[in-house]
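All values reported here derive from a predicted model rather than from experimental measurement.
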Amino acid sequence: MSVDPYRFSYTSYEALDRAGVGWQAALHVLTAARPRIVRHIGAVMHVVGAVQDGRLLAVALIEETDDEYVVVGARWLDEDEAQPLRKLMERGGR
């Protein structure tokens, strides 16, 4: 795996902007948020983690080459979605 496996394209920035998500928040979830939940199915990866103010952010990525991903979108989770995920993370999400 490369040192920086996550890439943001022009389309990534547009999608994040439409969702009201700053690229810094998405990058934080991908690189620093702990605990977090990572789900990898085929070429799609979803990562959920908390940002500094405690809100949960879900980031979607597509695998371009082995273990290298481009961000395709993100969204803030509402409290109904976040509550069960927080419980999962408390029990050992990564």
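Residues Phe8 and Leu16 have side chains in contact (heavy-atom distance under 4.5 Å, counting atoms from C-beta outward).
Residues satisfying the ring pair (Phe, Tyr, Trp, His ring centres under 6.0 Å) test with His40, not counting sequence neighbours, are Tyr69. With sequence neighbours excluded, the residues forming a salt bridge (charged side-chain N to carboxylate O under 4.0 Å, His left out) with Asp53 are Arg55, listed by chain and number. In this view, Glu81 and Arg75 satisfy the salt bridge (charged side-chain N to carboxylate O under 4.0 Å, His left out) rule, not counting sequence neighbours. Residues meeting the salt bridge (charged side-chain N to carboxylate O under 4.0 Å, His left out) test with Glu14, sequence neighbours left out: none.
Residue Leu61 holds its CG atom at 12.5 Å from CD of Glu68, rounded to the nearest 0.5 Å. Atom CD1 of Ile37 and atom CG of Leu85 lie 4.5 Å apart (nearest 0.5 Å). Atom CD of residue Gln83 and atom CG of residue Asp78 lie 10.5 Å apart, to the nearest 0.5 angstrom.
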Contacts under 3.5 angstrom, residues 24-33 side chains, donor-acceptor by atom type, not counting sequence neighbours:
from: His28; atom 1: NE2; to: Ala50; atom 2: O; distance (Å): 3.4
from: Thr31; atom 1: OG1; to: Leu27; atom 2: O; distance (Å): 2.8

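Closest approach of Ala74 to Ala19, counting heavy atoms only: O-CB, 3.2 Å. Taking each heavy atom of Arg86 and Gly54 in turn, the nearest pair found is NH1-O, 3.0 Å.
Hydrophobic cluster membership of Val72, counting Ile, Leu, Val, Met, Phe, Trp and Tyr whose side-chain heavy atoms lie under 4.5 Å apart directly or via other members: Val44, Ile62, Val70.
A donor-acceptor pair under 3.5 Å is formed between the side chain of Trp76 and the backbone N or O of Gly20.
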